[in-house]
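Quick notes on the structure that follows.
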Amino acid sequence: MADADDILERKNFYLDVPQTSNAYALKGSNALDWGMKNRLARIFSPDDCRTVMLAVDHGYFQGPTTGLERLDVTICPLIPYADALMITRGALRSTIPPEITKPVVLRSSGGQSILKELSNERVAVDIEDAVRVNASALAVQVYIGGVHEHESIGNLVEIVNAGNRHGIPTMAVTGVGKELARDAKYLGLATRICAELGANFVKTYYCEKGFAAVAAGCPVPLVIAGGKKLPEMDALRMAYLAVSEGAAGVDMGRNIFQCEAPKAMIQAVRAVVHESETPERAYDLYLSLKSAGEGSELCTAKTQLR
Ligand code: R5P
């Protein structure tokens, strides 16, 4: 039994030290509740407020995408190098070991396939199920200018409301129809609408001209999609320009998992995003890791997942 008198004598309230009260540094997020900030801090590194998210949710509308035929084989070895994993609940439960310690950004809209109109989505996850899989954020597609623009904005609002009730942030994903130009005017419109309606961060595309204005005009962090597979140097250059011009990182899929050496590529992308390496130096890193055998080894050990 502890000695109560002794405990009292040892109390120290550090009367000369003001209580720490730092602002939360992630763009546009300081007014959020503790749980929201804590989940965002799992996705965006508190050191630099940047992230390398690995997007592997493509199957939700396009089936077994090249590179994602077997998530257990090709994606598990990449998880240690990602800051977060963007994935559907079906793929998560069926292929990803629950021992992973990386945050999950849960694909939460769906309802169409590549055979039909892409903007025709609905909310595809109950918030209770998102909580059950320990999601750190919810992801919802928004099709500004699309056939189902109104419904997709409704999905965003519904998911933001549900996420806010449980302290789970929402990532809006700007889906761009084939008929729309991915230019700064469009991306500025789409990303700003998503943020105004409550998205805590927004996934969008990089554009060569005017991206800095897109990023500045969006009051919450932007992460960029990689898009179709590019030569590695071009993908690294795109990531470099995006973060240089204000993006808070990437949510990259095909330009990582469709590479000849995905493990080498995700490390090169990390060098660009977290160490501000130039695309040239990051590409050298890619080549050296690739030649050292950093390919897509099988997922063999639980320790590889952390
Ligand atoms: C958007 O429709 C989905 O989230 C995609 O799975 C994701 O954006 C694709 O990422 P990437 O373009 O880098 O392959």
Side-chain angles (χ1 to χ4, degrees), residues 43 51-69 71 74-75 78 81-92 95 104-125 135 137-146 148 152 155-156 159 170-178 180 182 187 190-191 194 199 201-207 222-232 234-243 247-259 262 265-266 268-270 272-273:
I43 298 166
T51 188
V52 173
M53 293 169 53
L54 179 62
V56 298
D57 62 322
H58 306 57
Y60 92 94
F61 72 106
Q62 58 182 45
T65 306
T66 303
L68 298 181
E69 301 89 337
L71 294 163
T74 59
I75 298 307
L78 305 180
Y81 303 100
D83 292 314
L85 188 64
M86 182 192 186
I87 190 166
T88 62
R89 60 176 166 178
L92 183 69
T95 63
V104 167
V105 177
L106 191 68
R107 156 63 56 190
S108 301
S109 65
Q112 87 294 39
S113 79
I114 40 169
L115 306 178
K116 295 268 181 83
E117 166 55 42
L118 285 184
S119 67
N120 193 10
E121 288 196 349
R122 49 163 289 172
V123 173
V125 172
L138 309 164
V140 50
Q141 216 81 0
V142 180
Y143 293 91
I144 301 300
H148 296 279
S152 74
N155 294 339
L156 168 65
I159 287 177
T170 296
M171 177 176 82
V173 183
T174 61
V176 187
K178 286 186 187 129
L180 295 165
R182 289 183 194 176
L187 297 175
T191 55
C194 292
F201 56 113
V202 181
K203 173 173 178 171
T204 194
Y205 293 96
Y206 178 71
C207 58
L222 290 184
V223 292
I224 62 149
K228 283 185 185 155
K229 174 77 177 74
L230 301 168
E232 285 77 12
D234 293 353
L236 292 167
R237 185 179 293 115
M238 179 171 67
Y240 178 83
L241 291 173
V243 293
V250 301
D251 182 18
M252 202 173 257
R254 289 163 288 179
N255 277 291
I256 292 173
F257 62 71
Q258 290 182 347
C259 276
M265 185 60 179
I266 194 169
V269 173
R270 288 193 73 79
V272 167
V273 170

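Whatever order the structure lists ligands and atoms in, that order sets their numbers, starting from 1. FYI, the numbering just counts along the sequence from 1.
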| said: Side chains of Ile144 and Thr174, heavy atoms from C-beta outward: is any pair under 4.5 Å? | reply: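 No, side chains not in contact.
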| query | So do Val125 and Leu138 actually touch side chain to side chain, heavy atoms under 4.5 Å? | reply |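 No, every pair of side-chain atoms sits at 4.5 Å or beyond.
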Below 3.5 angstrom, do we get any N/O pair linking [X] and ligand 1?
| X | value |
| --- | --- |
| Phe61 | no |
| Gly227 | yes |
| Gly253 | yes |

| request: For Met86, take its heavy atoms, then give the atoms of ligand 1 lying under 4.0 Å from any of them. | output: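 Those qualifying, in numeric order: 4 (O).
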| What atoms of ligand 1 come closer than 4.0 angstrom to any heavy atom of Met252? |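 Heavy-atom distances to Met252 below 4.0 Å select 13 (O).
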| Closest to atom 8 (O) of ligand 1 among Arg107, Glu121, Lys203, Lys228 (heavy-atom distance) |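 Selected option, by shortest heavy-atom distance: Lys203.
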| Test log, rule side-chain contact (heavy atoms from CB on, under 4.5 Å), inputs Asp251 and Ile224 | CA-CA 6 Å; Asp251 182 18; Ile224 62 149; over 6 Å; no
Distance, nearest 0.5 Å, that separates [atom1] of [X] from [atom2] of [Y]:
| X | Y | atom1 | atom2 | value |
| --- | --- | --- | --- | --- |
| Leu222 | Thr191 | CG | OG1 | 5.5 Å |
| Ile43 | Asp83 | CD1 | CG | 9.5 Å |
| Ile159 | Thr170 | CD1 | OG1 | 6.5 Å |

| said: Among all protein heavy atoms in this structure, tell me which lies nearest to atom 1 (C) of ligand 1, with the distance rounded to 0.1 Å. | reply: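 Heavy-atom neighbour on the protein nearest atom 1 (C) of ligand 1: Gln141 NE2, 3.3 Å.
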| query | Please state which protein non-hydrogen atom is closest to atom 10 (O) of ligand 1 and give its distance, to 0.1 Å? | reply |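 Among all protein heavy atoms, the one nearest atom 10 (O) of ligand 1 is His58 NE2, 3.4 Å.
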| task | Run the contact test for Asp57 against ligand 1 with a 4.0 Å cut-off on heavy atoms, strictly below, and give the result. | result |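 Judged by the 4.0 Å heavy-atom criterion, Asp57 does count as contacting ligand 1.
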| request: Mark the output for Gly175 as yes if a heavy-atom distance to ligand 1 is under 4.0 Å, and as no if none is. | output: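 Per 4.0 Å heavy-atom rule, Gly175 does not contact ligand 1.
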| query | Do any N or O atoms from the side chain of Glu69 and from the backbone of Gly67 form a donor-acceptor pair under 3.5 angstrom? | reply |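 Yes.
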